[in-house]
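For reference, the structure is listed below as structure tokens.
Read the numbers this way: they start at 1 and go in the same order the structure lists the ligands and their atoms.
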Amino acid sequence: MSSSMQSFPLQAEKQAETNPELYQYFASLVSSLPSSKGLSNNQLYRHDQGWHSSFMPMVGSMVADVCFTARPSDIVVATVPKSGTTWIKALLYATVHRSEHPADAADHPFNSFGPHECIKFFEYQLYAHNKIPDLNKLPDPRLFATHVPFVSLPRTVIATGCKIVYVCRDPKDHLISQWDFANKFRARDGLEPLSVETAAEIFCNGLSPFGPYWDHVLGYWRAHLARPKQVLFFRYEEMQRDPAAHVRRLAEFMGHPFGVGEEEDGAVEAIVKLCSFEHMNGLEAIKGGKTELAVGTVANTAFFRRGVVGDWANHLSPETAARIDTITEAKFKDSGLSV
Ligand code: A3P
């Protein structure tokens with residue numbers, strides 16, 4: 001529990017669901033934190049657990065921390081932004097709901113809703129708009145998502161032992177994806193695009209959304225090592241190599257593996273195809289849809305750029321790539337983790 005959380009009166013925690021002033025409390029707390037400019041020219045505040053975020057998502061994450069009540073059956077997707085969140089949300093939703101919504105059904109929900117509508121972020125959506133959402137009526141298993149580091153997950157997520165699916169990605173590809181996304185926000189605000197080298201400098205200094213990247217990945221990696229049955233750890237690159245194996249692992253992890261009949265009917269392959277970059281990118285819900293986030297409305301197309309491994313080589317100089325690799329090796333040394 002963070003020190004700011006500890007200082008929040010316990011009695012007020014109990015009143016949180018009916019206390020609209022809770023947002024004001026955390027808003028003034030976040031305003032008092034040190035901040036610097038991030039990639040998209042927004043202020044990034046430094047949480048007292050050492051990670052950065054723009055204002056509203058950080059406030060939302062603090063409200064979620066004290067207000068969200070987890071159930072053991074909940075499943076939470078966790079990622080650093082631009083690491084494959086949209087993809088893992090699609091795969092998880094399609095796998096969990098495969099009985100009522102077969103992946104090859106013409107009326108699959110993805111025809112109407114993007115993955116970010118199907119599985120919502122705590123800090124960007126559910127707790128983002130000065131509201132305490134009523135999540136009690138949602139049927140099990142409830143699916144949620146977050147970008148916050150492991151140390152700052154809503155406290156009942158850890159205490160209840162609900163399941164967490166984490167996806168990490170090569171930091172260089174993550175950076176390129178983040179850089180491109182930030183430049184879309186800059187264009188919206190009439191700002192010049194940031195050069196990739198400036199973006200890399202900011203990233204290497206740890207000043208990226210929910211970063212430092214390395215701390216984020218290590219936090220969930222260590223949680224996975226300590227509680228492998230609670231925290232699943234995927235790599236974007238391995239998902240690309242063998243998406244079907246990851247769909248099967250998701251199904252086993254949620255305690256509902258594919259049966260022989262499902263395997264014979266090609267249910268796994270249908271989910272892989274449904275959630276593939278090419279298929280999702282062509283859906284009306286993506287081409288014409290938008291997602292309301294705490295940082296503004298985002299066209300769903302912004303979550304689909306190239307969807308490949310190794311695109312960093314088209315953008316980063318060998319020196320910058322080597323700099324990031326050196327930091328990664330040093331940070332992950334002795335952790336058993338390599339990306
Ligand atoms: P690129 O920018 O490298 O193309 P997030 O969902 O965490 O915001 O991450 C976005 C990245 O995941 C983007 O990477 C995007 O193209 C890629 N992506 C989105 N949907 C995908 C899918 N179905 N399969 C593979 N990659 C996907």
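- Taking the six-membered ring for Trp and the full ring otherwise, the centers of F304 and F277 sit less than 6.0 Å from each other.
- Distances between N or O atoms of Q240 and those of ligand 1 include no value under 3.5 Å.
- Shortest contact from atom 6 (O) of ligand 1 to any protein heavy atom: T86 OG1, 2.5 Å.
- Relative orientation of the W51 and F210 rings is parallel, given thresholds of 30° and 60° on the angle between their planes.
- F144 has its ring centre no less than 6.0 Å from the ring centre of F121.
- Within ligand 1, the atoms closer than 4.0 Å to a non-hydrogen atom of Y236 are 17 (C), 25 (C), 26 (N), 27 (C), numbered from 1 in the order shown.
- Taking the centre of each ring, H224 and F150 stay at or above the 6.0 Å mark.
- Closest to atom 23 (N) of ligand 1, if we only count protein heavy atoms, is C275 O, 2.9 Å.
- In terms of protein heavy atoms, atom 22 (C) of ligand 1 is closest to W87 CG, 3.4 Å.
- For H174 and F203, the ring centers are positioned less than 6.0 Å apart.
- With salt bridges taken as basic N to acidic carboxylate O contacts below 4.0 Å, none links R249 and E252.
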Start with the C-alpha gap between T86 and H116, add the side-chain angles, then the distance that decides, and say whether side chain to side chain donor-acceptor pair (under 3.5 Å) holds. CA-CA 7 Å; T86 315; H116 297 295; 3.0 Å; yes

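- The atoms of ligand 1 that sit less than 4.0 Å from any heavy atom of G307 are 1 (P), 4 (O), 16 (O), 26 (N).
- Atom 20 (N) of ligand 1 has its closest protein heavy atom at F304 CE2, 3.4 Å.
- At least one heavy atom of G84 sits closer than 4.0 Å to an atom of ligand 1.
- Considering only non-hydrogen protein atoms, atom 16 (O) of ligand 1 sits nearest to R305 N, 2.9 Å.
- For ligand 1, the atoms sitting less than 4.0 Å from at least one non-hydrogen atom of R169 are 1 (P), 3 (O), 11 (C), 14 (O), numbered in the order shown with element in parentheses.
- Considering backbone and side-chain N/O atoms, D173 never comes within less than 3.5 Å of an N/O atom of ligand 1.
- Closest to atom 18 (N) of ligand 1 by heavy atom, among W312, F181, F303, is F303.
- Between Y220 and F233, a ring centre-to-centre spacing not shorter than 6.0 Å is recorded.
- Between E238 and R169, no side-chain nitrogen of the basic residue sits less than 4.0 Å from a carboxylate oxygen of the acidic one, so the salt-bridge criterion is not met.
- Atom 13 (C) of ligand 1 has its closest protein heavy atom at S177 OG, 3.6 Å.
- Looking at atom 8 (O) of ligand 1, its nearest protein heavy atom turns out to be K82 NZ, 2.8 Å.
- When hydrogens are left out, the protein atom nearest atom 7 (O) of ligand 1 is T85 OG1, 2.4 Å; that is the closest non-hydrogen contact.
- Under the 3.5 Å distance criterion, with hydrogens and angles disregarded, no donor-acceptor pair is assigned to the side chains of S28 and S31.
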